[in-house]
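First listed ligand is number 1; within each ligand, the first listed atom is number 1. What you see is a predicted model, and the numbers here were worked out from it, not measured in a lab.
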Amino acid sequence: MIDNDMSTGTGGFGEILVSSRSLAEYRAMFALTDDDLERRILDCPGGAAGFTAEVTRRGGEVTACDVAYFDDSLKHVAATAVAEADRGNRYVREHADAYRWTFFTDPGEHHRARRESAEHFAAHTRAAPHHYVAASLPALPFPDKTFDLVLSSHLLFSYADDLDYTFHYRSIIELARVATTEVRLFPLISIGSSTRYPQLAQLLADLSEAGIRSRIARVDYEFQAGADEMLVCQVPT
Ligand SMILES: C[S@@+](CC[C@H](N)C(=O)[O-])C[C@H]1O[C@@H](n2cnc3c(N)ncnc32)[C@H](O)[C@@H]1O
C-alpha cells in the first residue's frame, strides 16, 4: 500500500508509504477547531503523522493507532519516517501537475513540512510511545466510547481498489464504536481518481441503518486534485 501522495516503480502503485502529515494539515483536512483539539482524539491510521506529537505538546489528549506499530515496527517507522517523507516528496515533484499548490505553495514547502512532521513523530514515539498503539482495522483494541472524536485520513476511500466495501463498512462501524460523538474521514476519493467513492451512497445508507447519520462537508484543503471533502459520521448516544 502506498500513500496517495505517491506511486512508485514504473507507474503503478505498489510500495507502502507511511506518510507524515502535520497538525496544520489535519486542522485543514478535518476542519478542526481549537475546541476540537481539547477533546480526547483517536487518529487511526496515525502513520508517521506529527499530529499526535503536536497536539500533545499543546496539552491535548491524542492516541494514534496503526497496523504499522505492531511489535518493533514502531521503531522502524520512526527510523524511516524522514526518508519516507523524502521519497514521497520526490514523487510529488515528478507529478506536480496532479496536485493543487495552494496549501503548499510549491514542492519545497511540501518537503519541509512533511520532514518536520516526520521528525516530530519520531521524537515523540521515543519520548512517549504509549501514545502509539498497534491496531488493525476493522478491529480496535479500545473499549466503547474511549474517545470523543475519531479521525481517519488516507486509508478508507483512498485505497478503494484494494479494500472492499465490507472493510469500509466494518471499519467505520468500529471507529464509531470507540467514539462518543463523531468520526471524520478524509478524503472521499481514491488514489488516481477525482470522483467520490462509487459506493458512497450505499455506504451512507447502510451506516444509517446501523444508527450512524453521516454528512459530507467541503473543507478548506485540497492537495490531491479533487480531494476537498470529508465525511462526518455522528455517533448515536
Ligand atoms: C497513507 S498513511 C496515512 C497516515 C496519516 N493518517 C496521514 O495522513 O499522514 C496510511 C496508513 O494506513 C495504515 N494501515 C493500512 N492498513 C491498516 C489497517 N487495516 N488498520 C490500521 N492501519 C492501517 C498504514 O500502515 C499507513 O500508515
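The shortest N or O to N or O distance between P45 and ligand 1 is under 3.5 Å. Considering backbone and side-chain atoms alike, L137 places an N or O below 3.5 Å from some N or O of ligand 1. The shortest N or O to N or O distance between D43 and ligand 1 is not below 3.5 Å.
Proximity to G47 (heavy-atom distance under 4.0 Å) selects the following atoms of ligand 1: 4 (C), 27 (O). Close contacts between ligand 1 and A135 involve ligand atoms 20 (N), 21 (C) [criterion: under 4.0 Å to a heavy atom]. Under a 4.0 Å criterion applied to the non-hydrogen atoms of S136, ligand 1 contributes the atoms 19 (N), 20 (N). Interface atoms of ligand 1 facing Y26, defined by a heavy-atom separation under 4.0 Å, are 5 (C), 6 (N), 7 (C), 8 (O).
A salt bridge is absent between D43 and R21; no separation between the charged side-chain nitrogens and carboxylate oxygens falls under 4.0 Å. Look at R27 and D34 and you find a salt bridge, because one of the NZ, NE, NH1 or NH2 atoms lies within 4.0 Å of a carboxylate O, short of that distance.
For the residues D162, I191, V67, the heavy atom positioned nearest atom 22 (N) of ligand 1 is part of V67. In the candidate list V77, D66, V18, D66 is nearest to atom 25 (O) of ligand 1, counting heavy atoms.
Taking the six-membered ring for Trp, F157 and Y197 have ring centres closer than 6.0 Å. Between F104 and Y99, the ring center distance fails the sub-6.0 Å criterion.
Counting heavy atoms of neighbouring residues, nucleotides and ligands inside a 6.0 Å radius, atom CZ of R213 does not exceed 12 of them. Taking a 6.0 Å sphere around CZ of R58, one finds it holds more than 12 heavy atoms contributed by other residues, nucleotides or ligands.
Minimum interatomic distance between Y26 and P45 (heavy atoms only, all atoms of both residues): OH-O, 4.1 Å.
Remark: distances from the non-hydrogen atoms of C65 to ligand 1 are all 4.0 Å or more.
If you look at P138 next to ligand 1, there are no close heavy atoms at all, none under 4.0 Å.
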Query raised in the report: Stepwise, does the salt bridge (Lys or Arg N to Asp or Glu O under 4.0 Å) test hold for R112 with E109?
Result: CA-CA 5 Å; R112 282 190 296 279; E109 189 185 351; 5.5 Å; no
